[in-house]
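Positions are given from 1 along the sequence.
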Amino acid sequence: MIDIGKQKIDMKCPNCRRSIKISLDQVSRQQIVRCNSCSQDIQLQDSRGSAKKGVREMNKAFKDLERTLKSFGK
């Protein structure tokens, strides 16, 4: 099954502006990540819970699609 939360996205370090790869799960859990370039700790925020909700809804949609596709073979 596909887990959209494992997908990586790019963000810019607020300190050095270098690109950092983070997962959608890290955003939804509001983890602290460290910039590989300048070692700045960055607190990820999901203040409205939109990342968490999006990950949950997309994973449900993929699971529903998988069930639908399996039922075609029966």
Side-chain angles (χ1 to χ4, degrees):
M1 183 179 89
I2 296 171
D3 183 355
I4 199 74
K6 293 181 180 177
Q7 290 297 307
K8 298 283 186 174
I9 58 174
D10 289 323
M11 69 167 272
K12 299 251 186 233
C13 172
N15 187 51
C16 71
R17 308 301 296 162
R18 296 259 179 144
S19 183
I20 304 168
K21 290 212 179 280
I22 58 172
S23 73
L24 294 173
D25 276 339
Q26 287 176 303
V27 175
S28 68
R29 290 194 306 265
Q30 301 187 64
Q31 290 184 333
I32 296 173
V33 295
R34 179 165 286 169
C35 176
N36 292 331
S37 296
C38 70
S39 298
Q40 174 77 31
D41 285 336
I42 304 162
Q43 174 71 57
L44 301 176
Q45 295 190 7
D46 186 18
S47 59
R48 295 184 186 139
S50 58
K52 188 173 188 174
K53 181 180 178 186
V55 167
R56 184 176 58 244
E57 289 178 358
M58 287 296 295
N59 282 338
K60 182 185 179 310
F62 281 124
K63 191 173 185 177
D64 291 346
L65 176 61
E66 185 178 48
R67 268 189 255 131
T68 300
L69 292 173
K70 282 182 181 178
S71 71
F72 283 135
K74 293 182 179 181

**Q** Hey, what do you get for CD (Q7) to CG (D25), rounding to the nearest 0.5 Å?
**A**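 Nearest 0.5 Å value for the CD-CG distance: 10.5 Å.
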
**Q** Would one find more than 12 heavy atoms of other residues, nucleotides or ligands at under 6.0 Å from atom CG of N36?
**A**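 Open.
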
**Q** Please check if the side chain of Q45 supplies one atom and the backbone of Q30 the other of a donor-acceptor pair under 3.5 Å.
**A**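 Absent.
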
**Q** Does the side chain of C35 come within less than 4.5 Å of C16's, by heavy atoms?
**A**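 SC-SC contact between C16 and C35 confirmed.
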
**Q** Around atom CZ of R67, are there more than 12 heavy atoms from other residues, nucleotides or ligands closer than 6.0 Å?
**A**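 Atom CZ in R67 is packed in, count exceeds 12.
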
**Q** Give the minimum heavy-atom separation between K21 and K8, together with the two atoms involved.
**A**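 Of all heavy-atom pairs spanning K21 and K8, the closest is CD-CB, 4.4 Å.
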
**Q** Drop me the distance from D3's CG to M58's CE, to the nearest 0.5 angstrom.
**A**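 The distance works out to 11.0 Å.
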
**Q** If you measure from SG on C38 to CD1 on I20, what distance do you get to the nearest 0.5 Å?
**A**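 Separation between the atoms: 7.0 Å.
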
**Q** Please tell me whether I4 and L65 are part of a single hydrophobic cluster in this structure, the criterion being side-chain heavy atoms less than 4.5 Å apart.
**A**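 No, it is not one cluster - the side chains of I4 and L65 are not joined through contacts under 4.5 Å.
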
**Q** Between atom CD1 of I32 and atom CD of Q40, what is the distance when rounded to the nearest 0.5 Å?
**A**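 Rounded to the nearest 0.5 Å, the CD1-CD separation comes out at 11.0 Å.
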
**Q** I'd like to know whether CZ of R18 has more than 12 heavy-atom contacts from other residues, nucleotides or ligands below 6.0 angstrom.
**A**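 Counting other residues, nucleotides and ligands, CZ of R18 stays at 12 neighbours or fewer.
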
**Q** Look up atom CD1 in I42 and atom NZ in K12, then write down how far apart they are to the nearest 0.5 Å.
**A**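 NZ of K12 is found 12.0 Å from CD1 of I42.
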
**Q** Could you tell me if the side chain of K60 sits less than 4.5 Å from the side chain of E57, heavy atoms only?
**A**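 E57 vs K60: side chains apart.
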
**Q** Please report the interatomic distance CE(M11) to CG(L44), rounded to the nearest 0.5 Å.
**A**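 Reported to 0.5 Å precision, the distance equals 6.0 Å.
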
**Q** Over all heavy atoms of both residues, which pair between A51 and D46 is shortest? Give the atoms and the distance, please.
**A**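 Minimum heavy-atom separation between A51 and D46: N-OD1, 3.0 Å.
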
**Q** How close do Q26 and V33 get, counting heavy atoms only, and between which atoms?
**A**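 Scanning both residues, the minimum pair turns out to be NE2-CG1, 3.6 Å.
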
